[in-house]
Number of protein chains: 2
Amino acid sequence: MTEPIELSPVDLEILRVLQNDARTSNKELAAAVGLAPSTCLDRVARLRETGVITGQHAKVDAAKVGRPLEAFLFVQVRPHRRPLVEQFVEHLLALPEIRAVYHLTGPDDFLAHVATTSAAELQRLVLDELTSRDEVARVHTNLVFQQWQGGPLLPPDGEPAQGARIRRRGR
Amino acid sequence: MTEPIELSPVDLEILRVLQNDARTSNKELAAAVGLAPSTCLDRVARLRETGVITGQHAKVDAAKVGRPLEAFLFVQVRPHRRPLVEQFVEHLLALPEIRAVYHLTGPDDFLAHVATTSAAELQRLVLDELTSRDEVARVHTNLVFQQWQGGPLLPPDGEPAQGARIRRRGR
DNA sequence: CGTGAAAAACCGGGCGT
DNA sequence: ACGCCCGGTTTTTCACG
């Protein structure tokens, strides 16, 4: 289910375009990758079926919706055993401030990316939702000054079709 | 440009739906939020113009495109001055393995989320693209075991902060 | 918020390798 | 058979009133 899939150069072009703008019309997309619209539609459908494309999501400006303060929380969970870990993750994911959770190697077991309204809410999050729990051994909090997204996620050395341009976005 | 925007409850519903699936047709979306399609289209356009919705991006399974090994790199940049920092970020963003870069408070100045083909490539990334640079004082590498995305990013619960007005209940 | 023209998506069948 | 392309039909979009 998570096995690598064989992707033609055309597929890579499609992925590149759709990662840039998931609402690109099939007609435009077909033109961009040099395919007939129907064929293009077929290939996109296949990319979805095979799970290469897992979804398409509108990106929302956190500050614009009243959550201007983002942070990363490094959390050590003790004991580090599966039942506790799963429960802990469930708890985190139920919080509206959570943007993403990562289970990592290293001294801190979890990394939680959060978006909050204020320092006060961030404090509440740390104190009431994390350190108050028995399995949370410690929490380190680091604010986000600025963030950047990388370009489209593509296979290694994916024959960069001639003229392939990678566009980067800032914030 | 990064100021909070007034959002009606309907706007919030729209954001919730589009964050779940950015390709929801306007007709469907209108039905879901209880609006006429034309009105709904207007609302979405406004959300784009005001920068609340900044884009829509297809999500690709990293493992399926041959990048099964993800990691976070914690990087200390010295001296921590703007010209060096900007140059450093530019360098990172030009690397195909980079998924996101965060400038943080704390002992480690930068956090880079990367997706690689193998431990060997990750090593190359750390040695050749990071520690080999003069401004990079140190790098800590942590692998990602598993990751979870949070739900839709929405304003703090309760009533929308400012700009909330009582709206006609007509239909 | 409704309407209508333009455009796009969709779903068959047909052709060439 | 397979992948690709061409049509017509249905759905959606979008600028009006």
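Proteins get letters first, then strands, A, B, ... in listed order; numbering begins at 1 in each. Quick caveat, the model's predicted, so the values are computed rather than measured.
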- line: Quick tally for nucleotides 8-17 of chain D: nucleotides whose base has a protein heavy atom under 4.0 Å get B, sugar-phosphate-only ones S, the rest -, giving ----SSBB--
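Atom CG in A/L35 sits roughly 15 Å away from atom C1' in D/dC2 (whole-Å rounding).
In this structure, B/D42 has no side chain to side chain contact (heavy atoms under 4.5 Å, CB included) partners at least two apart in sequence or on a different chain. Looking at residues two or more places apart in sequence or on another chain, you find no side-chain hydrogen bond (donor to acceptor under 3.5 Å, both in side chains) involving A/S132. In this view, A/P83 and A/R81 satisfy the side chain to side chain contact (heavy atoms under 4.5 Å, CB included) rule, not counting sequence neighbours.
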Under 3.5 Å donor-acceptor pairs involving side-chain atoms of residues 96-103 of chain A, not counting sequence neighbours:
residue, atom, partner, partner atom, Å
A/E97, OE2, A/R124, NH2, 3.3
A/H103, NE2, A/H80, NE2, 3.0

Check residues 142-150 of chain B and write down every donor-acceptor pair under 3.5 Å in which the side-chain atom is one partner and the other belongs to a residue at least two apart or another chain.
residue, atom, partner, partner atom, Å
B/N142, ND2, A/T105, O, 2.7
B/Q147, NE2, B/E70, OE1, 3.1
B/Q147, NE2, B/E70, OE2, 3.0

Show me the side-chain donor-acceptor pairs of residues 87-95 of chain A shorter than 3.5 Å, one per line, residues at least two apart or across chains.
residue, atom, partner, partner atom, Å
A/H91, ND1, A/R133, NH1, 3.3
A/H91, NE2, A/E129, O, 3.1
A/H91, NE2, A/E129, OE1, 3.2

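Contacts classified as side-chain hydrogen bond (donor to acceptor under 3.5 Å, both in side chains) and involving residues 12-22 of chain B (residues at least two apart or in different chains) are given here: A/Q56-B/D21, B/E13-B/R16.
Between D/dC4 and A/R43, a contact under 4.0 Å exists linking OP1 or OP2 to a side-chain N or O.
Over its full length, the helix from C/dC1-D/dG17 to C/dT17-D/dA1 turns its helical axis through 20°, comparing axes from the five pairs at each end and rounding to 10°.
Here B/D11 does not pair with B/R46 in a salt bridge; the nearest charged N to carboxylate O distance is not below 4.0 Å.
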